[in-house]
Amino acid sequence: MKFGKLILTFVAASVFGMSVVGMAAEKDPLAPRVPADDMEEAKEWVNPVKSTPANIAKGKELFTGKATCFTCHGNEGRGDGVAGAALDPAPRNFHNPGLKKKSDGEFNYVIHNGIEGTGMISYAPGIITSEEAALIIVYERSLHDVK
Ligand code: HEC
């Protein structure tokens, strides 16, 4: 009897714990985040940085360092950074092949303007340069097919 009670308490505690501590879900990651009025212009942006191993490495260094993206998006871009754990919607997990449907321009827009009403802040020039943002996008793109 005593053991049964213990199990019950454990189950109740883990269910409760999950709802309180559990990470929020990503909100429909494939839906557009650029406001409709800005979409056409956003999509015109072409990444001047080529996706080479050297540039991907530079982008990762920025992502996991100076640009602080890792604090929310996680060291490997899985959306599991410490500062993102309490955010709702949760930060983007870049290991999602569906994201290939989004354009570089949409990512670039979001980095420079943020996503209103979410933890995704804007990185106005001064925090990172346009070229640094371009390198980071090349890194994020390299993750879409990585399991
Ligand atoms: C304070 C936490 C935080 C930091 C720091 C942060 N992000 Fe985000 N980011 C988010 C959240 C939360 C979302 C998802 C918002 C949503 O679902 O609408 C997001 C979404 C995104 C998206 C998805 C856009 C799309 O169309 O799906 C991109 C790209 C992105 N972030 C890039 C970056 C880059 C690059 C950096 C670093 C320069 C960065 N983020 C730093 C919280 C953060």
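Computed over heavy atoms, backbone and side chain alike; hydrogens, waters and symmetry mates excluded. As the structure lists them, so they are numbered: ligands from 1, and atoms in each ligand from 1.
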Inset, instruction - Could you check which of His73, Arg33, Glu140 puts a non-hydrogen atom nearest to atom 39 (C) of ligand 1? - result: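 Shortest heavy-atom distance from atom 39 (C) of ligand 1: His73.
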Legend entry - Shortest heavy-atom approach to atom 23 (C) of ligand 1 - which of His112, Glu26, Arg92, Lys27: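 Shortest heavy-atom distance from atom 23 (C) of ligand 1: Arg92.
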Enumerate the atoms of ligand 1 whose separation from the nearest heavy atom of [X] is less than 4.0 angstrom.
{"X": "Ile136", "value": "35 (C)"}
{"X": "Ile111", "value": "35 (C)"}
{"X": "Ile115", "value": "15 (C), 18 (O), 20 (C)"}
{"X": "Thr71", "value": "5 (C)"}
{"X": "Gly119", "value": "1 (C), 2 (C), 3 (C), 42 (C), 43 (C)"}
{"X": "Pro89", "value": "12 (C), 16 (C), 17 (O)"}
{"X": "Leu87", "value": "2 (C)"}

Minimum heavy-atom separation for [X] to [Y], with atom names?
{"X": "Ile115", "Y": "Arg33", "result": "CD1-CG, 3.7 Å"}
{"X": "Asn93", "Y": "Gly77", "result": "OD1-O, 3.4 Å"}
{"X": "Pro89", "Y": "Thr118", "result": "CG-CG2, 3.9 Å"}
{"X": "Lys100", "Y": "Arg141", "result": "CA-NH1, 4.0 Å"}
{"X": "Phe70", "Y": "Gly65", "result": "CE2-O, 3.9 Å"}

For [atom], which protein heavy atom lies nearest, and how many Å away is it?
{"atom": "atom 34 (C) of ligand 1", "value": "Cys69 SG, 3.5 Å"}
{"atom": "atom 1 (C) of ligand 1", "value": "Cys72 SG, 2.7 Å"}
{"atom": "atom 41 (C) of ligand 1", "value": "Tyr123 OH, 3.4 Å"}
{"atom": "atom 13 (C) of ligand 1", "value": "Pro91 CA, 3.7 Å"}
{"atom": "atom 25 (C) of ligand 1", "value": "Lys102 NZ, 3.2 Å"}
{"atom": "atom 33 (C) of ligand 1", "value": "Met120 CE, 3.3 Å"}
{"atom": "atom 14 (C) of ligand 1", "value": "Ala90 O, 3.5 Å"}

Legend entry - Ion pair Lys66/Glu132, N-O distance below 4.0 Å: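 Between Glu132 and Lys66 there is a salt bridge, with a charged N closer than 4.0 Å to a carboxylate O.
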Legend entry - Note: Glu76-Lys60 ion pair, threshold 4.0 Å (strictly below):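 Here Glu76 pairs with Lys60 in a salt bridge, since their nearest N and O are under 4.0 Å apart.
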Legend entry - Sidechain-backbone polar pair: Thr52 side chain, Asn55 backbone, donor-acceptor under 3.5 Å: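 At least one qualifying donor-acceptor pair exists.
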Inset, instruction - Give a yes or no on whether the backbone of Val34 and the side-chain of Glu106 come within a donor-acceptor separation of less than 3.5 Å. - result: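 Judged by distance alone, no pair lies under 3.5 Å.
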Please determine whether any non-hydrogen atom of [X] lies less than 4.0 Å from an atom of ligand 1.
{"X": "Phe94", "value": "yes"}
{"X": "Ile121", "value": "no"}
{"X": "Ala31", "value": "no"}

Inset, instruction - Please check if the distance between the ring centroids of Tyr123 and His112 is under 6.0 Å. - result: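 Ring-ring flag for Tyr123/His112: false, centres at least 6.0 Å apart.
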Inset, instruction - Report yes if the side chains of His144 and Asn96 come closer than 4.5 Å at any heavy-atom pair, otherwise no. - result: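 No, side chains not in contact.
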Legend entry - Evaluation steps, side-chain contact (heavy atoms from CB on, under 4.5 Å), between Asn47 and Asn108: CA-CA 9 Å; Asn47 197 334; Asn108 186 55; over 6 Å; no
Legend entry - Check: Thr68 N/O within less than 3.5 Å of ligand 1 N/O: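 So ligand 1 has no N or O lying under 3.5 Å from an N or O of Thr68.
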